[in-house]
Structure formats: C-alpha cells, structure tokens
Engineer: 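I am attaching a structure below and will ask some questions about it afterwards.
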Amino acid sequence: MNNIGQAEAAINYTFKDKNLLRRALTVASASDDNNQLLEFFGDAVLEFIVSERIFTEADSEGELTERRKALVSDAALTPVSERLGLDRLIIRGKTDLNNKKAVPSVYEAVTAAIYLDGGMQAAKSFVFSTLDFSAEAAINYKGRLQELLQGAGESVPEYIHTDIGNARKHRFEVKITVRGKTFSGEADSVRPAEQLAAKDALEYLEVKGLK
C-alpha cells in the first residue's frame with residue numbers, strides 16, 4: 001500500500017481528490033507542490049473546530065484560549081500525528097529527515113485537505129475522532145512547569161525515561177528532579193508519562209506553597 005492508501009486508512013477518510021492528500025503529506029524539501037499553504041489553512045480550520053467544540057466548557061476567554069492552545073499546539077499535535085502514523089508517511093526530501101516541525105504540521109495540512117475535499121462536517125469528524133478533548137488531556141503540565149521554573153530563573157528539569165514494560169508491551173517511567181525532590185509518572189508512551197511527572201511536581205509545589 002502506498003503513502004496515500006496508508007494515510008487514508010490511518011485517518012479513516014477516503015479522498016475524492018487524492019492529489020489533495022498527497023500535497024498535504026508533502027513538505028517543501030520534496031516538492032514545490034507542498035503542504036505549506038494547506039498547513040496555514042488547516043491551522044485556522046482546526047482552531048475554529050476546537051473553539052466551537054470547547055466554547056461552552058469554560059467561564060472566561062482566557063481559560064478558553066489556554067485550553068485551545070493546549071489542544072492545537074505543536075506539542076499536542078505531534079503525538080496525535082505519531083499515533084496515526086502520519087509522521088512515517090510524510091513525503092520528504094532526501095536530506096530532510098529531522099524536520100520535527102513537519103510532524104504536527106502534517107496534521108494541520110491533512111485537516112485542511114479533508115475540509116477542502118469533503119467539507120466542514122468531514123473535517124470535524126476527523127478532528128473529533130483524533131483529538132482528546134478531555135479536560136485532563138488538554139492541560140500541558142510540562143509547559144506549565146517549564147514556565148514556572150523559567151519565570152523563577154531556574155533551569156528546566158531533565159526528563160529521564162525508562163522502559164519498565166516487557167517485550168509484548170512497553171511501559172514508560174519518567175523521572176524529573178525539581179528543587180531537590182524527585183517526581184515520576186508512568187504511561188504506555190513517553191509523552192503522557194512526562195506530563196504525569198510534571199503534574200506530580202506542580203501539585204507538590206502547589207501544596208507546599210512554592211509556586
């Protein structure tokens with residue numbers, strides 16, 4: 001199965017115009033017919049869909065803005081693209097193998113391509129089925145911890161990853177040290193475990209009145 005067929009299976013959407021999907025998967029290093037404009041448009045489409053979805057779930061504009069940012073940031077979209085396998089389907093130039101920005105960008109580009117091919121309802125179905133809108137998932141604890149520490153003139157902690165699973169199933173433990181105390185989190189993949197470790201640290205600092 002080629003990139004197009006694999007991508008359609010991954011996103012659970014069949015394109016009428018396959019060239020739209022190919023363009024969404026193609027970065028500038030591979031072709032002039034690339035996903036840069038789709039990424040730009042997809043960012044706007046995605047923000048609208050997410051904004052509409054969370055509109056009634058917060059009491060203030062600031063809270064809504066923070067929640068939307070947590071859902072559509074590069075840090076949030078990168079694991080979504082990876083979970084769908086889109087990161088492996090990006091059409092890159094031969095020397096462009098470490099462009100990390102391409103991973104979240106391809107999700108935005110695919111969102112735009114689906115919108116252009118099938119309309120808003122198709123785009124909403126894709127976003128709603130792939131993003132986690134739970135309040136807990138939307139909170140970027142790692143980002144909050146980083147802002148807190150940098151605001152206090154402190155360095156960002158190193159996240160130490162250990163695979164504590166087995167040959168059949170990975171399970172990751174992540175540890176960080178903040179102000180002399182070690183905090184940890186466990187999950188089936190690295191990024192959620194990092195978030196849990198950061199959450200552990202933030203909750204401790206809040207209880208101790210150190211935030």
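Bear in mind the structure is a predicted one, so any value in this text is a computation, not a measurement.
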Engineer: For the hydrophobic clusters of this structure (ILVMFWY residues joined by side-chain heavy atoms under 4.5 Å, transitively), does one cluster hold both Y159 and V190?
Structural biologist: no
Engineer: N166: which residues meet the side chain to side chain contact (heavy atoms under 4.5 Å, CB included) condition with it, sequence neighbours left out?
Structural biologist: R168, K169
Engineer: Using the test side chain to side chain contact (heavy atoms under 4.5 Å, CB included), find all partners of D117 that sit at least two apart in sequence or belong to another chain.
Structural biologist: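 If we apply the side chain to side chain contact (heavy atoms under 4.5 Å, CB included) test to D117, skipping adjacent residues, the hits are Y13, F15, K16, D17, L20.
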Engineer: Flag yes if more than 12 heavy atoms outside K18 fall under 6.0 Å of its NZ atom; otherwise flag no.
Structural biologist: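 Atom NZ in K18 is crowded, with more than 12 foreign heavy atoms closer than 6.0 Å.
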Engineer: Taking NE2 in H161 as the centre, count heavy atoms belonging to other residues, nucleotides or ligands within less than 6.0 Å. Is the count above 12?
Structural biologist: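 Enclosed: over 12 neighbouring heavy atoms sit under 6.0 Å from NE2 of H161.
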Engineer: Between T162 and I164, is there a donor-acceptor pair closer than 3.5 Å when you use the side chain of the first and the backbone of the second?
Structural biologist: no
Engineer: Does V156 share a hydrophobic cluster with V178, counting links as ILVMFWY side-chain heavy atoms below 4.5 Å and allowing steps through other members?
Structural biologist: no
Engineer: Check the hydrophobic clustering (I, L, V, M, F, W, Y; side-chain heavy atoms under 4.5 Å; chains of links allowed) and say if I176 and I160 are grouped together.
Structural biologist: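 They do not share one cluster, since no chain of ILVMFWY contacts under 4.5 Å joins I176 to I160.
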Engineer: Side chains of N35 and L25: does their closest heavy-atom pair fall under 4.5 Å?
Structural biologist: no
Engineer: Any side-chain heavy atom of R53 within less than 4.5 Å of one from V127?
Structural biologist: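 No, every pair of side-chain atoms sits at 4.5 Å or beyond.
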Engineer: Let me see the working for D33 and T26 under side chain to side chain contact (heavy atoms under 4.5 Å, CB included), right down to the final yes or no.
Structural biologist: CA-CA 8 Å; D33 187 23; T26 304; over 6 Å; no
Engineer: Answer yes or no: does atom CZ of F40 have more than 12 heavy-atom neighbours from other residues, nucleotides or ligands under 6.0 Å?
Structural biologist: no
Engineer: Answer whether the closest heavy-atom distance between the side chains of S105 and N99 falls below 4.5 Å.
Structural biologist: no
Engineer: So, does E108 use its side chain to make a donor-acceptor pair with the main chain of L38 at under 3.5 Å?
Structural biologist: no
Engineer: Under the 3.5 angstrom rule, does the side chain of S81 hit a backbone N or O of V103 as a donor-acceptor pair?
Structural biologist: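 Yes, because the side chain of S81 sits within donor-acceptor range (under 3.5 Å) of the backbone of V103.
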Engineer: Taking C-beta and beyond as the side chain, do V110 and L84 meet within less than 4.5 Å on heavy atoms?
Structural biologist: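 No - every pair of side-chain heavy atoms lies 4.5 Å or more apart.
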Engineer: Show me the pairs that pass ring-ring contact (aromatic ring centres under 6.0 Å, His included) and involve residues 85-122, at least two apart or across chains.
Structural biologist: F41-Y115, Y107-F126
Engineer: Take atom NZ of K69 as the centre, draw a 6.0 Å sphere, and report whether it contains more than 12 heavy atoms from other residues, nucleotides or ligands.
Structural biologist: no
Engineer: Hey, is the main chain of T130 close enough, under 3.5 Å, to the side chain of R83 for a donor-acceptor pair?
Structural biologist: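 The answer is yes, because a donor-acceptor pair under 3.5 Å joins these two groups.
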Engineer: For the hydrophobic clusters of this structure (ILVMFWY residues joined by side-chain heavy atoms under 4.5 Å, transitively), does one cluster hold both I49 and V72?
Structural biologist: yes
Engineer: Let's go through V106 and L89 carefully: what are the C-alpha distance in whole Å and the side-chain angles of both, what is the deciding distance for side chain to side chain contact (heavy atoms under 4.5 Å, CB included) to 0.1 Å, and is it a yes or a no?
Structural biologist: CA-CA 9 Å; V106 74; L89 300 174; over 6 Å; no
Engineer: Kindly check if the number of other-residue, nucleotide or ligand heavy atoms within 6.0 Å of CZ (R22) is above 12?
Structural biologist: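 No - once you tally the heavy atoms of other residues, nucleotides and ligands closer than 6.0 Å, there are 12 at most.
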Engineer: Taking atom CG as the centre, does L37 end up with more than 12 heavy-atom neighbours from other residues, nucleotides or ligands that are less than 6.0 angstrom away?
Structural biologist: no
Engineer: Heavy-atom count around D32 CG within 6.0 Å, excluding the residue itself: above 12?
Structural biologist: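 No.
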Engineer: Would you say Y141 ends up clustered with Y204 if hydrophobic residues are merged whenever their side chains have heavy atoms under 4.5 Å apart, either directly or through other cluster members?
Structural biologist: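 Per the 4.5 Å side-chain linkage, Y204 and Y141 are co-clustered.
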Engineer: Is there a donor-acceptor pair closer than 3.5 Å between any side-chain N or O of N34 and the backbone N or O of V27?
Structural biologist: no
